[in-house]
Amino acid sequence: MRIMVVEDDPDLGDAILRRLRRDGYAVDWQSDGEEADDVLRYQAYDLVVLDIELPHMDGFAILRELRRRGARTPVLMLTARSNIEDRVGALDVGADDYLSKPFDFREFDARCRALLRRSQGLAAGVMQIGALTFDRGAKVALLNGEPLTLPNREYRLLEIFVGNLGRVLSKEQIASQLFDFDDEASENAIELYVGRLRRKLGDALVIRTMRGLGYVAEAGSG
C-alpha cells in the first residue's frame with residue numbers, strides 16, 4: 001500500500017511518516033500544496049492524508065483537482081479547524097473522512113486501515129482464504145491458526161496479493177505500492193520478496209508467475 005502525506009508541520013509530518021513506514025507502508029511526504037498536486041497528477045496512491053492549511057495551495061484545492069481528474073483515491077483530511085462548516089466542507093469537496101488535530105495516533109491508524117480496506121472493496125478486516133487468515137486490524141496472518149512470521153514488507157506484499165486475488169499484477173504495479181520514492185524498487189527485489197512469501201505460505205495461497213506480465217495470487221489447496 002502506498003500513501004501520500006501532505007502536511008506542512010514538520011514535527012507532525014515526520015511523526016506520521018515514521019509511524020506509517022514502521023507499519024510497512026510505502027509513504028511519500030510533501031509539505032507544499034502545489035508540489036503535492038504535481039505529484040498526485042502522475043503518481044497513484046492507495047490513500048492520501050491531506051492537511052487543509054498548506055502553503056501555495058490549500059487542501060481543499062488539491063482535493064478538488066484530484067476529484068476533477070476522476071481519481072477515487074480515499075482521502076483522510078486533517079484539520080485544526082473545529083467548526084462544523086469546515087468539517088462539512090471537507091466532506092462536500094470529496095474527502096472520505098476527516099480527523100481534527102490534535103488526534104490520538106491509534107484513531108489515526110484505525111481510520112487509515114478502514115479507508116484502505118474500502119479502497120480494495122473489503123468491508124471486513126478479516127479475510128479467510130482456505131487455511132490462510134489475514135487480519136488487517138490485528139496486522140497478523142495465520143496459517144492453520146498459527147501466526148506467520150512476516151517482516152513489514154512481506155506483510156504488505158501479502159496484503160497487496162490478498163486485495164487483488166485473481167488479478168495479474170505487474171512488477172511495476174507491485175513496486176509502486178510496496179516502495180516509496182526513497183527506496184530502490186528493482187525487479188530483483190520484487191522477486192526476492194515474492195520468493196520469501198511463497199516459501200512461508202506453502203500451498204495455502206498460490207502466487208503464480210505470469211511470464212512477461214507479473215504475478216497473480218489465487219487460493220490454494222492448503
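Quick caveat, the model's predicted, so the values are computed rather than measured. Note that the numbering runs from 1 along the sequence shown for the chain.
Contact record, L148 with L201: CD1-CD2, 3.8 Å, taken as the closest heavy-atom pair. The minimum heavy-atom distance between V216 and M210, with the atom names listed, is CG1-SD, 3.6 Å. Listed here is the closest heavy atom pair of V27 and R21: O-NH2, 2.9 Å. Nearest heavy-atom pair across L54 and D8 is CD2-N, 3.8 Å.
Within 6.0 Å of atom CZ in R208, 12 or fewer heavy atoms from other residues, nucleotides or ligands are found, so the atom counts as exposed in its surroundings. Heavy atoms of other residues, nucleotides or ligands lying less than 6.0 angstrom from CZ of R106 number 12 at most.
By the 4.5 Å side-chain criterion applied to Ile, Leu, Val, Met, Phe, Trp and Tyr, L192 is assigned to no cluster and stands alone.
Listed by chain and number, the residues in a side chain to side chain donor-acceptor pair (under 3.5 Å) with E34 amount to none (sequence neighbours excluded). Qualifying side chain to side chain donor-acceptor pair (under 3.5 Å) partners for R113, counting only residues two or more places apart in sequence or in other chains: none. Taking the side chain to side chain contact (heavy atoms under 4.5 Å, CB included) definition, one finds that A71 meets it with L66, T73, sequence neighbours left out. Shown here are the salt bridge (Lys or Arg N to Asp or Glu O under 4.0 Å) partners of R69, two or more places apart in sequence or in another chain: D37. For R211, the side chain to side chain contact (heavy atoms under 4.5 Å, CB included) criterion is met by no residue, not counting sequence neighbours. Applying the side chain to side chain contact (heavy atoms under 4.5 Å, CB included) criterion to A36, with sequence neighbours excluded, gives V6, Q30, I62. Annotation: salt bridge (Lys or Arg N to Asp or Glu O under 4.0 Å) contacts of D38 (sequence neighbours excluded): none. Remark: F108 engages F103, F105 in a ring-ring contact (aromatic ring centres under 6.0 Å, His included) (not counting sequence neighbours). For P147, the side chain to side chain contact (heavy atoms under 4.5 Å, CB included) test picks out L142, with sequence neighbours left out.
Not one N or O on the side chain of R2 forms a donor-acceptor pair closer than 3.5 Å with the backbone of A175. Here the side chain of E172 pairs no donor or acceptor atom with the backbone of I174 at under 3.5 angstrom. Judged by distance alone, the side chain of D32 and the main-chain N or O of E35 form a donor-acceptor pair under 3.5 Å. For D58 (side chain) and G33 (main-chain N/O), no donor-acceptor pair under 3.5 Å exists by modelled atom type. Within the 3.5 Å criterion, the main-chain N or O of L78 finds no donor-acceptor partner in the side chain of K101.
Considering only heavy atoms from C-beta on, E65 comes within 4.5 Å of M57 through its side chain.
Applying the ring-ring contact (aromatic ring centres under 6.0 Å, His included) rule to pairs touching residues 147-170 yields F134-Y155, sequence neighbours excluded. Here ring-ring contact (aromatic ring centres under 6.0 Å, His included) pairs that include residues 34-54, with residues two or more places apart or in two chains, number zero.
The only member of D109, D104, D14 that meets salt bridge (Lys or Arg N to Asp or Glu O under 4.0 Å) when paired with R19 is D109.
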From CA spacing to verdict: salt bridge (Lys or Arg N to Asp or Glu O under 4.0 Å), R67, D96: CA-CA 12 Å; R67 296 300 184 232; D96 297 89; 3.0 Å; yes

